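This structure is in structure tokens; I'll ask about it shortly.
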Amino acid sequence: SLSYLSVGALMAVREVIIPVEAHSIALPGVAAVVREVGRLQSTLNPLLRNPLIVACRVNRTLHARKVLEDLDRTYGWRLARAKIRESIRLAEAEAARLPITAFAPESGACDDYRLLAGELVERGEVEEISRRIGPVESEDASAVFAKLALNGCNGEKVRRAVWHRTQWHRVGRASRLPRRASCPPD
């Protein structure tokens, strides 16, 4: 089962994106999170949507292909078509404290994240999105994630923005995100 902190976070959101390393050791963890989301949907958070599972650190090994086949067979439509490839550029971008879109905009990893953001839009997870940041029409985490990712925010800034959204909502300082989604300050 998940920790109280994880369950509390799942009670406060409507959407969940589960990143999964393309390694067999990660499969039981995905199963636990999906099971917990199902339990919360039926009891504490009926507005929680089915999770989107994103395969990360995908390489060209036979093992990774087998894990992807297992994920596809087990989770089907919940598995994102976009896969995030293993790339040293992601580690270098994080070390430089730059988003991948600024550090290596032509890299395969940057293309992978853009494909993922596009898939969120295509799946209807995001109501409206453009390359330029526009008004935030939805409080859903995927809308914030996709808009910030396309605008060049790195994962830490996206996490912080979503965290701030949940804190604002929890303490009642604001019922919505600011009208324009932008990267939070470092």
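All values reported here derive from a predicted model rather than from experimental measurement. We number each residue from 1, following the sequence as shown.
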Tell me, with the steps shown, if Leu27 and Leu71 meet side chain to side chain contact (heavy atoms under 4.5 Å, CB included).
CA-CA 8 Å; Leu27 295 178; Leu71 285 169; 3.5 Å; yes

side-chain hydrogen bond (donor to acceptor under 3.5 Å, both in side chains) with Glu21: which residues, sequence neighbours excluded?
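Partners of Glu21 under the side-chain hydrogen bond (donor to acceptor under 3.5 Å, both in side chains) test: none.
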
Before you tell me yes or no, could you show the steps for Leu90 and Ile100 under side chain to side chain contact (heavy atoms under 4.5 Å, CB included), namely the whole-Å CA-CA distance, both residues' side-chain angles and the distance that decides it to 0.1 Å?
CA-CA 6 Å; Leu90 292 170; Ile100 190 68; 4.0 Å; yes

Please list all pairs meeting ring pair (Phe, Tyr, Trp, His ring centres under 6.0 Å) that have one or both residues in residues 27-66, counting only residues at least two apart or in different chains.
His23-His63

Which heavy-atom pair separates Asp112 from Lys83 by the least distance, and what is that distance?
CG-O, 3.2 Å

Atom pair CZ/CD of Arg60 and Glu86 - distance to nearest 0.5 Å:
12.0 Å

Sequence neighbours left out, what passes side chain to side chain contact (heavy atoms under 4.5 Å, CB included) with Ala82? Give chain and number order.
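With sequence neighbours excluded, Ala82 shows a side chain to side chain contact (heavy atoms under 4.5 Å, CB included) to Leu115, Leu116, Glu119, given in chain and number order.
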
With Ala31 via side chain to side chain contact (heavy atoms under 4.5 Å, CB included) - residues at least two apart:
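For Ala31, the residues satisfying side chain to side chain contact (heavy atoms under 4.5 Å, CB included) (neighbours in sequence not counted) are Arg35, Tyr75.
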
Residues in salt bridge (Lys or Arg N to Asp or Glu O under 4.0 Å) contact with Arg73, at least two apart in sequence or another chain
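With neighbours one apart ignored, the set is Asp70.
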
Partner residues of Asp72 under the salt bridge (Lys or Arg N to Asp or Glu O under 4.0 Å) criterion, sequence neighbours left out:
none

The criterion is side-chain hydrogen bond (donor to acceptor under 3.5 Å, both in side chains); which residues satisfy it with Asp111, sequence neighbours excluded?
none

As a quick check of understanding, evaluate side chain to side chain contact (heavy atoms under 4.5 Å, CB included) for Leu52 and Leu120, giving each step before the final call.
CA-CA 9 Å; Leu52 178 66; Leu120 287 173; 3.6 Å; yes

Quick one: salt bridge (Lys or Arg N to Asp or Glu O under 4.0 Å) partners of Arg81, sequence neighbours excluded?
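Arg81: salt bridge (Lys or Arg N to Asp or Glu O under 4.0 Å) contacts with Glu122.
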
Partners of Thr74 by side chain to side chain contact (heavy atoms under 4.5 Å, CB included), sequence neighbours excluded?
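Expected list: none.
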
Following the transitive rule for hydrophobic clusters with a side-chain heavy-atom cut-off under 4.5 Å over Ile, Leu, Val, Met, Phe, Trp and Tyr, establish whether Leu44 and Leu48 coincide in one cluster.
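Leu44 clusters together with Leu48.
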
With sequence neighbours left out, what residues match Thr61 under side-chain hydrogen bond (donor to acceptor under 3.5 Å, both in side chains)?
Asn59

Contact between Val37 and Asn50 at the side-chain level, heavy atoms closer than 4.5 Å - yes or no?
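They are not in side-chain contact.
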
What residues, two or more places apart in sequence or in another chain, satisfy side-chain hydrogen bond (donor to acceptor under 3.5 Å, both in side chains) together with Asn45?
none

Check side chain to side chain contact (heavy atoms under 4.5 Å, CB included) between Ile88 and all other residues, then give those that pass, not counting sequence neighbours.
Ala91, Glu92

Do NZ/NE/NH1/NH2 and the carboxylate oxygens of Arg39 and Glu36 come within less than 4.0 Å?
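Result for this pair is yes, salt bridge flagged.
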
Mind listing the closest non-hydrogen atom pair of Pro19 and Cys56 along with its distance?
CB-SG, 3.8 Å

Is there a donor-acceptor pair closer than 3.5 Å between any side-chain N or O of Arg89 and the backbone N or O of Ala109?
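Checked: no pair found.
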
Which heavy-atom pair separates Ile18 from Val33 by the least distance, and what is that distance?
CD1-CG1, 3.4 Å

Does atom CZ of Arg78 have more than 12 heavy-atom neighbours, drawn from other residues, nucleotides or ligands, at distances under 6.0 Å?
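Yes, because the 6.0 Å sphere around CZ of Arg78 holds more than 12 heavy atoms from other groups.
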
Grouping I, L, V, M, F, W and Y whenever their side-chain heavy atoms are under 4.5 Å apart, do Met11 and Val16 come out in a common cluster?
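Result: yes, single cluster for both.
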
